[in-house]
Asker: 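Next up is a structure, given as structure tokens.
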Amino acid sequence: MLDSLVLWRNERNRVTEQQEPQLLSAFAVKIAATLERLETNTPEFVDSAFDIDPVAIGCALSYADYRFDSLDWRNDHPRLTGWHRQFEARRFALATRPSDD
């Protein structure tokens, strides 16, 4: 997910005339599908050990918040939203919160 988000952002940051609409659309579809899958599977990683998998998911969602504010993924993903709120409250997440400063 994070790889797709980074590539999507790179494409969006190109000069408008040089952007590939098919790529932008493909990234949007991939992220939407990933979010749906994560929403469906939220109970599995909520109840699992806190290891690299949920950290990667949490970081990808935080990056989406930081770089894709118009994505507004929380509206359609309530379980994932609840899990991510708990993730963001962890000490390491607070300490590494991105900033443009």
Side-chain angles (χ1 to χ4, degrees):
M1 179 179 179
L2 189 54
D3 289 344
S4 290
L5 286 168
V6 169
L7 293 171
W8 190 9
R9 180 171 186 266
N10 289 345
E11 187 63 27
R12 287 186 337 168
N13 286 349
R14 294 176 69 190
V15 176
T16 304
E17 297 78 29
Q18 294 177 351
Q19 291 178 0
E20 294 289 335
Q22 300 90 344
L23 276 178
L24 293 171
S25 178
F27 288 129
V29 168
K30 287 178 184 183
I31 296 305
T34 302
L35 289 167
E36 284 304 312
R37 180 67 170 238
L38 289 172
E39 177 69 13
T40 300
N41 293 331
T42 299
E44 292 178 23
F45 59 85
V46 164
D47 297 331
S48 66
F50 196 78
D51 57 15
I52 192 68
D53 295 337
V55 170
I57 293 166
C59 289
L61 293 172
S62 294
Y63 182 80
D65 287 340
Y66 182 61
R67 295 294 186 195
F68 293 84
D69 55 348
S70 64
L71 187 58
D72 200 21
W73 59 268
R74 285 182 172 80
N75 280 339
D76 297 323
H77 307 94
R79 289 186 291 196
L80 191 57
T81 297
W83 176 85
H84 191 249
R85 281 195 186 113
Q86 292 175 350
F87 173 85
E88 287 184 307
R90 290 179 177 263
R91 187 171 25 105
F92 72 85
L94 291 170
T96 59
R97 176 168 261 140
S99 171
D100 284 329
D101 297 337

Asker: Is I57 close to F87 at the side-chain level, that is, under 4.5 Å between some pair of heavy atoms?
Answerer: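 Contact flag for F87/I57 side chains = no.
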Asker: Taking all non-hydrogen atoms of both residues, which atom of S4 and which atom of I31 are closest, and how far apart?
Answerer: CB-CD1, 3.8 Å
Asker: With sequence neighbours excluded, what pairs up with E39 under the side-chain contact (heavy atoms from CB on, under 4.5 Å) test?
Answerer: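 Here the qualifying residues are T42, H77, P78, R79, L80.
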Asker: Go through the structure and list residues passing side-chain hydrogen bond (donor to acceptor under 3.5 Å, both in side chains) with W73, not counting sequence neighbours.
Answerer: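 Listed in chain order: D65.
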Asker: For D76, what residues pass the side-chain contact (heavy atoms from CB on, under 4.5 Å) criterion, not counting sequence neighbours?
Answerer: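 For D76, no residue satisfies side-chain contact (heavy atoms from CB on, under 4.5 Å) once neighbours in sequence are set aside.
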Asker: Taking only residues two or more places apart in sequence, or in another chain, which ones meet D72 in a side-chain hydrogen bond (donor to acceptor under 3.5 Å, both in side chains)?
Answerer: N75
Asker: Could you measure the distance from the CZ atom of R9 to the OH atom of Y63? Nearest 0.5 Å is fine.
Answerer: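 Answer for the CZ-OH pair, R9 versus Y63, is 5.0 Å.
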Asker: Report yes or no: do L38 and I52 belong to one cluster of Ile/Leu/Val/Met/Phe/Trp/Tyr joined by side chain heavy-atom distances under 4.5 Å?
Answerer: no
Asker: Could you tell me if the side chain of V55 sits less than 4.5 Å from the side chain of D51, heavy atoms only?
Answerer: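 When only atoms from C-beta onward are counted, V55 and D51 do not touch, as no gap falls below 4.5 Å.
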Asker: Give every donor-acceptor pair under 3.5 Å between a side-chain atom in residues 17-29 and any protein atom, sequence neighbours left out.
Answerer:
from, atom 1, to, atom 2, distance (Å)
Q19, NE2, R12, O, 2.7
Q19, NE2, R14, O, 3.1

Asker: Quick one: closest heavy-atom pair of A64 and L71, and the distance?
Answerer: CB-CD2, 4.2 Å
Asker: Could you give all pairs that pass the salt bridge (Lys or Arg N to Asp or Glu O under 4.0 Å) test and reach residues 88-98, with sequence neighbours left out?
Answerer: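 Checked against salt bridge (Lys or Arg N to Asp or Glu O under 4.0 Å) - neighbours excluded - the pairs reaching residues 88-98 are R74-E88, E88-R97.
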Asker: Applying a strict under-4.5 Å side-chain criterion to I, L, V, M, F, W and Y, I'd like to know whether W83 and F92 cluster together.
Answerer: yes
Asker: Heavy atoms only: give me the nearest F68-L5 pair and the separation to one decimal.
Answerer: CZ-O, 3.3 Å
